Amino acid sequence: MSKNLVIVESPAKAKTIEGYLGKDFTVKSSFGHIRDLASNKLSIDIENNFSPDYQVSPDKKKVIDDLKKSVKSAEVVWLATDEDREGEAISWHLQEVLNLKPESTKRIVFSEITKSAIHRAIESPRSLDVHLVNAQQARRVLDRLVGFELSPVLWKKVRPSLSAGRVQSVAVRIIVEREREIEAFKKESFFRISAELDSGKGKLKAEYAQKVSNIGQARKVVEESGGKPFIVEALEKKPAKRTPSAPFTTSTLQQEAGRKLGFSVAQTMQVAQRLYESGRITYMRTDSTNLSETALVAAKQQIVNSFGNDYSQLRNFATKTKGAQEAHEAIRPTDFSAEKITGEKNEQRLYELIWKRAIASQMSDARLERTTIDFLPSGTSHKYVAKGEVILFDGFLKVYLESTDDEAAEDEQKDMLPPVSKGQSLDMTALTATERFSQAPSRYSEPSLVKVLEELGIGRPSTYAPTISTIQKRGYVVKENREGAKRDYRVLVYQKTGIKETVKSENHGAEKGKLFPTDIGIVVTDFLVANFRTILDYNFTATVEKEFDDIAMGNLEWTAMLTKFYKPFHANVEETTETSGRASGERILGTDPKTGKPVSARIGRFGPMIQIGAQDDDDKRFARLRSDQSITNISLEEALDLFKLPRSLGEFENLEVSVGTGRFGPYVRHGKAFVSIPKSAGEDPMTITFDRAVELIVSKRDAAEKALILEFSEEPTLFVLEGRYGPYIKFGKDNFKIPRGQDAATLTLVQIREIMAASVPSSKKRKR
DNA sequence: CAGTGAGCGAGCTTCCGCTTGACTT
């Protein structure tokens, strides 16, 4: 055993560093935090100065045992966890749990994994920063207090098992408020007038310089401009430049991988993790845009070799994110000379993106020439403008161009314009006025939500992906595609014989992979905003971060900060628990014409529902909403339709066939067996036919039988197993829950067959 | 889960941030 033990957070990092240090050093990893508040209780003694009760995390027991052994045989232990609040706390926990003696323990930090940085760190050790550790404790305790006091309020006032927290609740609020903006948006139409001109040497497009808000005015402009020669009034050429973006941070990587590769936030992180573990890229959870000296030299060499000296320009990018802690480098390739790698397809694609972005960040600006030409149709004062762009020197554009979320900006493609001179007259070959509409704000995708969170300083690189997943798991938000709607727009085309008006139709408002708030998400957000405004405030995190900084500087006692926060917060929790009513999002839809009773929509114990009759009505009736409906916008008619369900369609094999709508959407039922009506088919329980229902039942049964037949060909194999949630049948990739009351140990093949035929395999179930 | 919205009510749910494998409902 060597004399020195170095402990870092990540095992991949440990491996790299061990290579940089000599034989006298053993490098081990803590695998992140080793100790935390117990997960099933508050674990904070509020009376006793918020004293936290830390426990070694169950999955870290082995890690600790292993580290303890290494400590025994080491003379010096070097705590080399990350240089930030959490890293400092991990070192402190290690010191406590491993019983490290101050005289033989050293704390070292480095923000890049290069040989020189590691050696520099070893030469200048420091001691643990107690203030920084306390700032982390304040952060941890505050988050636990907020989460574990707010969530139970929701259990009482809305629904059990819901959750609230400093980060997730604000994330949901962002989605809910955007949806409200979209609902409140009133579109306006205007006309875009565009002329096609011919200079004799080439064609170009010029747009009428003003927005025209009504068709009468558009008609007038087209009438007066049409058929006339277009005279060049002014001609301007301006030099311009474009500058490359900074190398990737976690957030920008998630955004670009989403736009360019179509990855979800979680997928990006998974693929990046594999690249990191195989030593292809630097650490992927970072908020820094900084590159190490070593990296800059390597990037420059690669650029000069591939493109020549003119293309190289070293740059530093200041990190502009609020609260960035910059414990790591930006995300970059570890070897700049590897433009491509071998391996799995998605790993290759993500790697290339990272390589290009990092290389481009150290390349020269692109130099452009922008041309603007103003035209006036002869004898009029209607100004038309043509814009063009020529790349004089491509610079970083040779490698990489960042994409954007703004679709309108991407439409506006600028090309080279044919040469013209002032006073020149061009032929008008076409002239049209097209009706356009102002755009509602767009819904958030996973990465664009991450972007906003980062801008607000909410959450950290390691939590963006889990947060996005949590708010979906809790049912606050769903990621969905929505079909667009048809809308008509008017077009005026200039013709010699007069102006021809036509109506065309286009699809608009289609959404792919966007985040939509659910009824629960909306009700919970409204409740929290109404009662816990401070926590839900977009600036709450920024405010407490400032205080954490004060603690870290030694200017504020961490327990004093918590006392000041907790007293009013807790009083607020108590008061809300006592005085606030249930939050159900209740909405009165109108009166049932048949009975004259009131019809209302709200969140019930089992989810969104419709009720006919007042609360005190003994004959009140209930119906559950379909999963594609919402209490916030369901109409009286749609609500009343739900009471026509479930309804019987007829008999098949002596069993009743009926349709209805359950908690997970519309279903067809055959005796005891249920089949979900597939969403994609555009069928709903009100319109489905008996024949189609039977088809669904039979096809599901066939699938189950086919699966069983396959079982006899040994592939896939069939198991009866005991899982975390009880006994289940494993059949290839599909798992089937064994109903309560059946003894898993004595099941016969016939019984297994029945269970499989009567239930949907878990892999096909919608995830909750 | 699916014909129901609570009455009696045990015991449970829940936070954010740092890391990977173990395990897969």
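Chain letters run A, B, ... following the sequence lines, proteins first, then strands; residues in each count from 1. The model shown is predicted, which means the values in this text are computed figures rather than measured ones.
- A/Q168 has its CD atom 11 Å from the P atom of B/dG17, to the nearest Å.
- Proximity note for A/R624 (side chain, C-beta onward) versus B/dT4, B/dC16, B/dT19: the nearest is B/dT4.
- The distance between atom CG of A/D84 and atom C1' of B/dT19, rounded to the nearest whole Å, is 13 Å.
- Side-chain proximity of A/V167 to the nucleotides B/dC16, B/dT13, B/dT20 is greatest for B/dC16.
- The pair A/R107-A/D129 does not count as a salt bridge, with every side-chain nitrogen at least 4.0 angstrom from each carboxylate oxygen.
- Of the candidates B/dC15, B/dT19, B/dA2, B/dT19 carries the atom nearest the A/S462 side chain, counting heavy atoms from C-beta on.
- When the P atom of B/dC16 is taken as reference, atom CD1 of A/I535 falls 11 Å away, rounded to whole Å.
- A stacking contact links A/F148 to B/dT14: the aromatic ring centre lies within less than 5.5 Å of the base's six-membered ring centre, and the planes differ by less than 30°.
- Comparing the P positions of B/dA2 and B/dA6 gives a spacing of 15 Å, expressed to the nearest Å.
- Residue A/Y667 places its side chain closer to B/dA2 than to any other of B/dA2, B/dT14, B/dG21.
- The CG atom of A/L642 sits 15 Å away from the C1' atom of B/dG5 (whole-angstrom rounding).
- Residue A/R144 places no side-chain atom within donor-acceptor reach of the base of B/dC16, judged by atom type and a 3.5 Å distance cut-off alone.
- Remark: P of B/dG5 and CG of A/D619 are 14 Å apart, rounded to the nearest angstrom.
- One cannot find a donor-acceptor pair under 3.5 Å joining the base of B/dT14 and the side-chain atoms of A/S163.
- Here A/L562 contributes atom CG and A/I46 contributes atom CD1; the two are 10.0 Å apart, rounded to the nearest 0.5 Å.
- In this structure, A/R474 forms no cation-pi arrangement with A/Y476, as its terminal cationic atom is not both closer than 6.0 Å to the ring centre and no more than 45° off the ring axis.
- Within 4.0 Å of A/G32, counting heavy atoms only, lies at least one base atom of the nucleic acid.
- Relative ring orientation between A/Y283 and A/H328 is described as tilted, the plane-to-plane angle lying within the 30° to 60° band.
- Counting atom types as modelled, A/R460 pairs no side-chain N or O with a base atom of B/dC18 as donor and acceptor under 3.5 Å.
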